[in-house]
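Everything on this sheet refers to the single structure shown next.
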Amino acid sequence: MWRDLLPLGRHPGSGGYRRYAWTGADAECRAWFAAQAALRGLRLDVDRNGNQWAWLGDPADGDAVVTGSHLDSVPDGGAFDGPLGVVSAFAALDELRRRGTPLDRPLGIVNFGDEEGARFGLACVGSRLTAGQLTRDRAHRLTDGDGITLPRAMEAAGHDPDAIGADPERLARIGAFVELHVEQGRALDLSGDRIGIASAIWPHGRWRFDFRGEANHAGTTRLADRRDPMLPYAETVLAARREAELAGAVATFGKIAVEPNGVNAIPSLVRGWLDSRAADRTSLDTVVAGVEKAARDHAAAHGVDLDVVRESHTPVVDFDHALRDELARILRRDEDPGPAPGRVPVLGTGAGHDAGILSASIPTAMLFVRNPTGVSHSPAEYAAEDDCLAGVAALADVLEGLVYR
């Protein structure tokens, strides 16, 4: 499965993945998912929001157990973020069948659409729509960098954009959702563990900073006469780093758009996107408020106008305690000679996931697989095969414990 999926959407120059929502690469990944479902005799279901579901048993019976993740990527992303959870879900089902595990509950595998938000600027679109956290009207206003709207992109890919929206009936049939994911950090590597359980997701969000100055000639305009928006933007990037360090948080300007984007032209507009995350809401608010104040001060000093727009915000996600404790019980390692027999580490994370979105509607939990470098959202993202297989075994144990009671 991994070998078949690996080349889909891979850029030959960077070696990273460009699996953006409702593109040709996305269609190839969806076809791969459908083929894996058919190979196992699972019933494929594409919901009103474009998420793919593969079912063993009838979800209408209710109290279903679902696992899976996403197949899309950030620009030039790695191979593991998202796909590892989907591949491991199919592999865990294969392992349950090898064991002859009877199922007392329906079992589903899901591929959520547009988790990364790389094309339309909003993360977890598929799960947000399903959970009612993104309205149809707002979704219809989303556009990509080329000005193509989400509805137009969905329609071009053969999906009805007018059908999107909350799907409470579907969620009501799910009793538990468990998402396996490569760790996006080095906590497991430092502790010597292969598998961990998620405790919570830090609150996080995205803010757009629009610095508007005056375009002019780079060679003939005196420095004193310039209204250059690049200067306050650059100073704001540095301010974000300082504010994050003071709060024990993280803040990143990782995307920028410049107009007119000419080598010999002073920009008229510099648009930068801030991603910030912190262990609690107060710390996050402090960081963002500090960054915005610095941005406004620097913009005023350079005669530049500034608009700040919050594009998304996700509050702290504390995963279902009962389900988390059940995973810990199932995965106890009393006979494991590893670093801490009987204990599976419980980790917090600053990364957002579909499981976090769904946690407001249904019991959710997450498993992490060790990442030896901590690198993610990069072609260098990696997890060793032995650790991935340990993840499959752990997921199979968890599913067995949940579907056979």
Side-chain angles (χ1 to χ4, degrees), residues 11 13-14 16 18 20 74-77 116-123 138 141-150 204-278 283-313 350 377-380:
H11 189 267
S14 69
R18 300 182 182 181
Y20 306 148
V74 298
D76 290 324
E116 296 290 7
R119 183 174 182 186
F120 298 102
L122 179 65
R138 187 184 174 200
R141 292 195 299 271
L142 295 174
T143 59
D144 66 12
D146 295 322
I148 298 173
T149 65
L150 175 63
H204 56 279
R206 297 180 181 182
W207 289 261
R208 192 185 78 233
F209 286 64
D210 294 343
F211 296 86
R212 301 182 186 276
E214 181 179 54
N216 216 325
H217 196 293
T220 62
T221 309
R222 295 190 318 152
L223 296 181
D225 293 337
R226 299 185 180 203
R227 295 177 56 228
D228 185 350
M230 187 64 75
L231 298 177
Y233 169 73
E235 290 168 322
T236 301
V237 173
L238 298 176
R241 176 61 179 258
R242 290 193 299 270
E243 294 294 332
E245 287 177 337
L246 290 172
V250 293
T252 308
F253 277 97
K255 180 181 177 181
I256 183 174
V258 181
E259 296 178 8
N261 204 29
V263 174
N264 59 352
I266 299 167
S268 60
L269 169 68
V270 174
R271 174 170 287 152
W273 282 263
L274 171 69
D275 179 301
S276 189
R277 308 164 192 238
S283 297
L284 179 61
D285 289 346
T286 299
V287 170
V288 176
V291 175
E292 181 172 348
K293 182 181 184 304
R296 294 197 181 281
D297 289 346
H298 292 308
H302 292 283
V304 170
D305 297 326
L306 172 64
D307 292 320
V308 179
V309 178
R310 189 179 80 176
E311 292 192 338
S312 68
H313 178 265
H377 284 188
S378 160

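All values derive from a computational prediction rather than experimental measurement. This chain uses plain numbering: 1 for the first residue, then up along the sequence.
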If I take atom [atom1] from residue [X] and atom [atom2] from residue [Y], how far apart are they, to the nearest 0.5 angstrom?
| X | Y | atom1 | atom2 | value |
| --- | --- | --- | --- | --- |
| Trp207 | His313 | CH2 | NE2 | 5.5 Å |
| Lys255 | Arg208 | NZ | CZ | 10.0 Å |
| Asn216 | Arg227 | CG | CZ | 10.5 Å |
| Thr221 | Ile266 | OG1 | CD1 | 4.0 Å |
| Phe253 | Leu238 | CZ | CG | 10.5 Å |
| Thr220 | Asn264 | OG1 | CG | 10.0 Å |

Salt-bridge contact Glu311-Arg206 (side-chain N to carboxylate O under 4.0 Å):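 The answer is no: the pair does not qualify as a salt bridge.
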[X] versus [Y], closest heavy-atom pair with distance:
| X | Y | result |
| --- | --- | --- |
| Pro260 | Ser268 | CD-N, 3.8 Å |
| Ala265 | Ala218 | N-CB, 3.8 Å |
| Val308 | Arg296 | CG2-NH2, 3.8 Å |
| Leu284 | Ala278 | N-CB, 3.6 Å |
| Arg138 | Leu122 | NH2-CD1, 4.1 Å |

For the pair Ile256 and Tyr233, evaluate side-chain contact (heavy atoms from CB on, under 4.5 Å) and give the outcome as yes or no after the intermediate values. CA-CA 10 Å; Ile256 183 174; Tyr233 169 73; 3.3 Å; yes
So, do [X] and [Y] sit near enough that their side-chain heavy atoms are less than 4.5 Å apart?
| X | Y | result |
| --- | --- | --- |
| Phe209 | Val291 | yes |
| His204 | Val250 | no |
| Arg310 | Val288 | no |
| Leu269 | Pro229 | no |
| Phe211 | Thr236 | yes |
| Arg226 | Leu231 | no |
| Pro267 | Asn261 | no |

Test item: [X] side-chain N/O and [Y] main-chain N/O as donor-acceptor pair under 3.5 Å:
| X | Y | value |
| --- | --- | --- |
| Asp144 | Asp146 | yes |
| Arg18 | His11 | no |
| Ser14 | Gly16 | yes |

Mind running side-chain contact (heavy atoms from CB on, under 4.5 Å) on Leu306 and His298 for me, showing each step along the way? CA-CA 10 Å; Leu306 172 64; His298 292 308; over 6 Å; no
